[in-house]
Colleague: 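Please find one structure pasted underneath; my questions will follow.
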Amino acid sequence: MSAPSRTPSSRKVFGLLSLPERNFVADALRTETVGGVLLLLAAIAALIWANVPALHDSYESVSHFHLGPEALGLNLSVAHWAADGLLAVFFFVAGIELKRELVAGDLRDPRAAALPVVAALCGMAAPAVVYAITAGAGGGSLAGWAVPTATDIAFALAVLAVIGTSLPSALRAFLLTLAVVDDLFAILIIAVFFTESLNFPALGGALAGLAVFWLLLRTGVRGWYVYVPLAVVIWALMYNSGIHATIAGVAMGLMLRCHRREGEEHSPGERIEHQVRPLSAGLAVPLFALFSAGVAVSGEAIGKVFTTPETLGVVLGLVVGKTVGIFAGTWLTARFTRASLSDDLAWSDVFALAVLAGIGFTVSLLIGELAFEEDPAMTDGVKAAVLTGSLLATLLASVLLKLRNATYRRLAEEEERDEDHDGVPDVHEADDPEYHLRMAELLERRAAEHRRLAEEKAAERERLAEVAGGAGEDGNRRA
């Protein structure tokens, strides 16, 4: 597949990011990568805990142990607290990320936003279609159509960290933005399709709490001791309303101001995200994985994944649907907006990234639990399918990315090069006259040093030649 032809009005897809955007993306992805590694370790620990015969009973006991006030409707199992409680923190961070992208990131510009938005939409629609075709053809339930629609950015970045691929910052930013948009639509799917009945008094209380939260933010009230108890109350009311409690986290994240005012180094949203993201990536999501990924793994169980219509639909949706949807959405957007791929990249890179986005974990597991809540056996089967599909996507993406790793490493080195040692990568200073003056002075010093070394070496070579010549003459006289 060749890139679209260049036109005078064409623009680069996956071109160089601005320096502030690059720094933000680097910080965000660094935390996500660490969180992804912890998520991977938690998933492995869950599989071991649930599959070692001597430990299996304890896993079930801990997962189903109930705690919390019964009078408030919050006497939940540990696994339930992890899915509805801890994941609210994850979705709170997702809400802040989305707000930042809308007001200060790529989604602020409709032209720039078109690519990740269309790619994310196609990357959710195609897996749903693949699932529906597969499950429908096999006579299975269509209830799990939403399971393969989500991408787990933390897990994807953990894979990149493990295989050592130095993706250019533009591709990593695209992956991050794609995941943010993906999370938004996953939230909408959970809110719209997995809300069976509503408790209107509780919902009204949650909305009133959100209004108070918004007013406190707008009046400049500060202090975690004000917002954290209020957030807990909003979450509890949202849980009892019948709407999934994680929606409360998203709503509060979207309310934070994410644009900087004069004199501000960071907006309130950026500060709070910086403080809460480690809690989300390092504790909330790994604990959710620990109590969600513990499914039985055996030859028979894996065989059922590929023979049961619902689970096969999940696997094909993640591996095939995600890849086709994201790649086709990206190419069509580039084609019809007269954009061109960055000179150093190929469409095979976009394809590899689309395969990588087939890693569905956190939100896919959550939707799987919601979709088959009344069928524990199918819930476990869908979880196994999510793990299997994510593993296949990981292996395939690793092979594809490794083939281009030398190119990625060269691009990453170019992005990081700082020859004038001013703390700003040279690629971001190409239009700055001061940069070129500094480089000219630096190169002149280097040239002077090389001339000095050349003179010294030449003088040393002449001296050695004279010594050798003198020794030859002495030898002739003695002869």
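Note that the coordinates shown come from a computational prediction; the quantities given were computed from them, not determined experimentally.
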Colleague: Could you pull out all residues at least two apart from Ser58 that satisfy side chain to side chain donor-acceptor pair (under 3.5 Å)?
Modeller: Trp49

Colleague: Is Phe92 close to Ile272 at the side-chain level, that is, under 4.5 Å between some pair of heavy atoms?
Modeller: yes

Colleague: If we only count heavy atoms from C-beta on, is the Ile133 to Leu316 side-chain gap below 4.5 Å?
Modeller: no

Colleague: Let me confirm one number: the CD1-CE distance from Ile326 to Met124, rounded to the nearest 0.5 Å.
Modeller: 10.0 Å

Colleague: Of the non-hydrogen atoms in Val118 and Gly329, which two are nearest, and what is the gap between them?
Modeller: CG1-O, 3.9 Å

Colleague: Within the supplied structure, the quantity of interest is the number of heavy atoms (other residues, nucleotides, ligands) at a distance under 6.0 Å from His274 NE2; does it exceed 12?
Modeller: no

Colleague: Flag the pair Thr151 / Lys322 as yes when at least one side-chain heavy-atom distance between them is below 4.5 Å, and no otherwise.
Modeller: yes

Colleague: Mind checking whether Phe193 and Trp145 have parallel, tilted or perpendicular rings, split at 30° and 60°?
Modeller: perpendicular

Colleague: Would you say Arg260 and Ser267 make side-chain contact, with heavy atoms under 4.5 Å?
Modeller: yes

Colleague: In Å, rounded to the nearest 0.5 Å, how long is the span from CG of Leu256 to NZ of Lys99?
Modeller: 7.0 Å

Colleague: Relative to the ring of Phe327, is the ring of Phe351 parallel (under 30°), tilted (30 to 60°) or perpendicular (over 60°)?
Modeller: perpendicular

Colleague: Please report the shortest heavy-atom distance between Ala120 and Val181, naming the atom on each side.
Modeller: CB-CG1, 3.6 Å

Colleague: For a 4.5 angstrom cut-off between non-hydrogen side-chain atoms, does Val363 reach Ile367?
Modeller: yes

Colleague: Quick one: closest heavy-atom pair of Ile189 and Ala146, and the distance?
Modeller: CG2-CB, 3.7 Å

Colleague: Do Thr149 and Phe185 make a side-chain contact, defined as non-hydrogen atoms from C-beta onward lying under 4.5 Å apart?
Modeller: no

Colleague: Nearest 0.5 Å, what's the CD1-CD distance between Ile96 and Glu270?
Modeller: 10.0 Å

Colleague: Are any non-hydrogen side-chain atoms of Val386 and Val147 less than 4.5 angstrom apart?
Modeller: yes

Colleague: Say you draw a straight line from OG of Ser348 to CG of Leu353; how long is it, rounded to the nearest 0.5 Å?
Modeller: 11.5 Å

Colleague: Shortest non-hydrogen contact from Ala284 to Val89?
Modeller: CB-CB, 4.3 Å

Colleague: Any non-hydrogen side-chain atom of Leu395 less than 4.5 Å from a side-chain atom of Val399?
Modeller: no

Colleague: Please report the interatomic distance CD1(Ile359) to CG(Leu396), rounded to the nearest 0.5 Å.
Modeller: 10.5 Å

Colleague: Rounded to the nearest 0.5 Å, what separates atom CG in Leu102 from atom CG in Leu254?
Modeller: 7.5 Å

